[in-house]
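Note that the coordinates shown come from a computational prediction; the quantities given were computed from them, not determined experimentally. Below, read A as the first sequence line, B as the second, and so on, with proteins coming before strands; counting in each chain starts at 1. Just so it is clear, the values below take in all heavy atoms, side chains as well, and ignore hydrogens, waters and symmetry mates.
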Amino acid sequence: MITPKQPQTLKNRKDFLRLRHSSKWVTPNFILQAGGNGGAGEDVIRFGYTASKKVGNAVARNRAKRRMRALVRLYWSGLARPGHDYVLIARPKIVQVSFDILEKDMEKALKHVHKPRRKDRK
RNA sequence: UCAGUUGGCUGGAUGGCCGCUAUCAUUUGCGUGGUAGAGGAAAGUCCGGGCUCCGAGGAGACAGGAUGCCGGAUAACGUCCGGCGAGGGUGACCUUAGGGAAAGUGCCACAGAAAGGAUACCGCCCUGCUUUAUGCAGGGUAAGGGUGAAAGGGUGCGGUAAGGGCGCACCGCGUUUUUGGUAACAAAGGCGGCUUGGUAAACCCCAUCCGGAGCAAGACCAAAUAGGGGCAGCGCGAAACAGCGUUGGCGCAAGCCUUCACUGCUUUCAGAUCCGUCUUUUGAUUGACUGCCCGGGUUGGUUGCAUGAGAUGUCUGGUAACAGCCAUCCUAGAUGAAUGGUCAUCGCCCUACCGAUAUAAUGUCGGCAGGGUACAAAACCCGGCUUACAGGCCAACUGAUAUU
RNA sequence: GCACCCUUCGUCUAGCGGCUUAGGACUCUGCCCUUUCACGGCAGCAACACGGGUUCAAAUCCCGUAGGGUGCA
């Protein structure tokens with residue numbers, strides 16, 4: 001059993017692009033993507049946060065990223081797998097929706113994102 | 001009390017749990033604790049500066065751009081303050097790119113007779129002919145009609161054949177004098193009889209200002225790739241010695257000291273950025289070095305980077321913008337980008353309902369429910385401008401109504 | 001962050017300050033033609049990003065705002 005370290009933050013555009021076509025789970029408020037971390041280490045968990053201009057102005061984008069960081073802080077332990085990278089993409093609703101709904105979405109998304117969906121199989 | 005004008009301030013509070021960035025202390029270390037941590041616009045990037053690099057001898061000119069009543073403030077400004085003119089509002093007050101149109105050029109569509117050296121369609125008047133109703137011809141006019149955004153001063157009276165600055169009064173315009181004011185300008189008087197329509201956010205003229213690029217500027221370090229290609233790198237000796245001549249001085253003379261020039265298979269140093277090689281001597285060339293360009297690679301870190309035209313307060317000068325003295329203080333520094341997430345309670349606002357109360361309209365207080373609690377995130381730093389903003393507060397002033 | 005550019009029918013575009021009710025092509029709608037469709041012909045719908053200002057007059061000139069787009073280590 002590998003003891004996972006504290007999650008790190010993804011900062012390079014390359015890492016975000018690598019996860020673009022990996023498995024994902026969509027909720028009305030955000031999208032979670034997951035994939036291998038490209039040789040960063042067996043015990044490393046990394047999270048990336050993205051909010052595009054569709055979310056709103058700078059204040060809304062910063063608030064969306066901060067809420068996503070709070071979600072990761074609460075739920076990464078036990079649900080995130082070591083040796084994987086995760087990317088959270090904000091959708092416009094995430095700024096207004098109450099935090100309870102986001103917590104349920106996050107728990108569900110972390111459980112389901114590793115199950116490959118049927119249409120992704122070949 | 002209602003309506004309004006101007007200026008300024010503020011931009012929710014408390015607590016629990018979980019976190020971020022910087023820094024300090026402590027610890028072998030994991031870690032723990034303390035302190036600090038977005039704005040009035042941080043925004044748009046519309047102006048002005050600091051700072052950095054490039055260019056340039058100082059400076060100026062052409063081109064291009066900007067500004068534009070007067071005086072002041074300022075590091076500077078297209079900003080601000082005070083004043084003037086014009087326009088708007090009952091008023092407090094607001095708006096104002098507001099130099100030059102007799103330096104020149106252009107434009108003024110359509111309509112209209114005529115659009116800038118005025119002109120004459122309908123009219124009005126006079127004369128002549130025909131005739132007594134009009135018509136025709138010639139002339140005088142610009143009051144009236146009509147067109148237009150604009151018709152070559154306006155109104156009134158006199159005058160006239162009808163009219164007309166033809167004459168007069170007032171207003172306007174031009175010019176001039178005096179007075180007030182630093183000035184823009186204002187007031188009063190004289191003169192001219194009117195000659196000169198608008199447009200410069202059309203070209204232009206005048207005055208003033210502006211070199212270019214921007215912290216992704218610039219500097220350093222590390223790593224990686226490569227160990228590449230091209231171009232350029234400013235020269236035309238100096239000294240010593242010897243010989244011969246020569247200038248000056250001392251000396252009877254020999255000679256000694258001294259100045260300058262020429263010559264030498266002479267010597268030393270230099271010589272083209274450096275080293276080497278060739279040749280025979282001021283040439284050639286390999287390589288290295290330096291600079292620039294091309295090509296290739298990297299997409300990291302440090303610095304610039306927060307003590308500054310700094311903030312607060314008292315006083316002084318000034319109508320004010322602002323300036324000065326003194327005292328105190330240090331107040332964000334991120335880089336997929338920190339300064340928060342969440343829960344609870346309270347506050348504030350709006351709407352509906354209930355109750356009480358004073359009523360001319362309606363307002364005030366209490367309770368309960370629902371909804372809302374803005375605009376917006378530093379990115380080198382300052383001074384402004386513009387734009388966005390739920391609401392709340394303060395001060396001064398104006399108008400209307402009522403009462404005393 | 002900094003430096004710039006552009007907005008005209010649904011789309012692509014013309015457009016000396018007045019001649020314009022903003023022109024053309026494609027599209028769309030209706031009618032004609034054809035047995036029918038296509039092609040063709042005729043007619044129609046449809047735009048100056050927004051707000052101020054200058055001017056007698058603004059799509060055009062000036063200022064501001066909004067929305068798009070481009071470049072720079």
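The separation of B/rA86 from B/rA187, taken at their P atoms, amounts to 9 Å, rounded to a whole angstrom. Look at the P atom in both B/rG112 and B/rC122: the space between them is 15 Å, to the nearest Å. Using atom C1' as the reference point in both B/rU312 and B/rG19, the two lie 35 Å apart (nearest Å). Comparing the C1' positions of B/rA358 and B/rC343 gives a spacing of 45 Å, expressed to the nearest Å. For the C1' atoms, the distance linking B/rA13 with B/rU32 amounts to 31 Å, nearest Å. To the nearest whole angstrom, the two C1' atoms, one in B/rA22 and one in B/rA379, are 16 Å apart. B/rG39 and B/rU387 have their C1' atoms separated by 15 Å, given to the nearest Å. Atom name P, nucleotides C/rC2 and B/rA377: the rounded distance is 14 Å, in whole Å.
Nucleotide C/rG10 carries an anti base; the chi torsion (O4'-C1'-N9-C4 or O4'-C1'-N1-C2) is more than 90° from 0. Because its glycosidic torsion is within 90° of 0, B/rA38 is reported here as syn. In this structure, B/rG165 shows a glycosidic angle within 90 degrees of zero, which is the syn conformation. The glycosidic torsion of B/rA306 lies within 90° of 0, placing the base in the syn range. Taking syn as a glycosidic angle within 90° of 0, C/rU7 does not qualify and is anti.
Side-chain contact between A/Thr9 and A/Arg69 is absent, with no heavy-atom pair separated by less than 4.5 Å. At a threshold of 4.5 Å between non-hydrogen side-chain atoms, the residues A/Glu103 and A/Leu71 count as touching. Under the 4.5 Å side-chain criterion, counting only non-hydrogen atoms from C-beta, A/Tyr86 is in contact with A/Arg81. Between A/Val26 and A/Arg91 the shortest side-chain heavy-atom distance falls below 4.5 Å. Counting heavy atoms from C-beta on, the side chains of A/Glu107 and A/Lys104 never come closer than 4.5 Å.
In this structure, of B/rC18, B/rA337, B/rU342, it is B/rA337 that holds the atom nearest to the side chain of A/Arg69.
Using a 4.0 Å cut-off, some side-chain N or O of A/Arg63 falls inside it from OP1 or OP2 of B/rU342.
Each of A/Leu102, A/Val97, A/Leu32, A/Asp105 was scored for a side-chain contact (heavy atoms from CB on, under 4.5 Å) with A/Thr27, with one residue passing: A/Asp105.
Residue A/Val95 comes nearest to A/Arg67 through the heavy atom pair O-NH1, 3.1 Å, listed as atom of the first residue, atom of the second, then distance. Closest heavy-atom contact between A/Phe30 and A/Ile94: CB-CD1, 4.3 Å.
Under the Watson-Crick and G-U wobble criteria, each requiring two contacts below 3.5 Å, nucleotide B/rC173 is paired to B/rG192. Remark: B/rG391 base-pairs with B/rU10; criterion is Watson-Crick or G-U wobble with both hydrogen-bond distances under 3.5 Å. Base pairing analysis places B/rU23 opposite B/rG34; the two distances defining the Watson-Crick or G-U wobble pair are each below 3.5 Å. When both distances must be under 3.5 Å, the Watson-Crick or G-U wobble mate of B/rU398 is B/rA3. In a base pair of the Watson-Crick type (N1 to N3 plus N6-O4 or O6-N4) or a G-U wobble (N1-O2 and O6-N3), with each distance short of 3.5 Å, C/rU54 is matched with no nucleotide. In a base pair of the Watson-Crick type (N1 to N3 plus N6-O4 or O6-N4) or a G-U wobble (N1-O2 and O6-N3), with each distance short of 3.5 Å, B/rC289 is matched with B/rG233. In this structure, B/rC17 forms a base pair with B/rG341, meeting either the Watson-Crick or the G-U wobble geometry with both donor-acceptor distances under 3.5 Å. With a 3.5 Å ceiling on both atom-pair distances, the Watson-Crick or G-U wobble partner of B/rG71 is B/rC81.
In the interface, the side chain of A/Thr9 is not paired with the base of B/rG336 through any donor and acceptor atom under 3.5 Å apart.
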What nitrogen or oxygen pairs link the protein and nucleotides 370-380 of chain B at under 3.5 Å?
from: B/rA377; atom 1: N7; to: A/Asn62; atom 2: ND2; distance (Å): 3.2
from: B/rA377; atom 1: N6; to: A/Arg66; atom 2: NH2; distance (Å): 3.2

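For residues 27-34 of chain A, proximity to RNA chain B is found at no residue, defined as any non-hydrogen atom under 4.0 angstrom from a strand atom.
Taking atom CZ on A/Arg73 and atom C1' on B/rC20, their separation rounds to 8 Å, with Å as the unit. Taking atom CZ on A/Phe47 and atom C1' on B/rG19, their separation rounds to 15 Å, with Å as the unit. Between the CG atom of A/Asp85 and the C1' atom of B/rG336 there is a distance of 14 Å, given to the nearest Å. Rounded to whole Å, the distance from CD1 on A/Ile101 to P on B/rC343 is 11 Å. Taking atom NZ on A/Lys65 and atom P on B/rG336, their separation rounds to 9 Å, with Å as the unit. Between the CZ atom of A/Phe99 and the P atom of B/rC18 there is a distance of 15 Å, rounded to whole Å. Between the CG atom of A/Leu102 and the P atom of B/rC343 there is a distance of 10 Å, given to the nearest Å. Distance, A/Leu71 CG to B/rG19 P: 15 Å, rounded to whole Å.
Once rounded to the nearest 0.5 Å, the distance linking OH of A/Tyr75 with CE of A/Met106 reads 9.0 Å.
Between A/Arg67 and A/Leu74, the residue anchored closer to the 5' end of RNA chain B is A/Leu74, taking for each the nucleotide with the nearest heavy atom.
With hydrogens and angles disregarded, no donor-acceptor distance shorter than 3.5 Å links the side chain of A/Thr50 to the backbone of A/Ile89.
Linking ILVMFWY residues whenever their side-chain heavy atoms come closer than 4.5 Å, directly or via other members, leaves A/Met68 and A/Val59 in distinct clusters.
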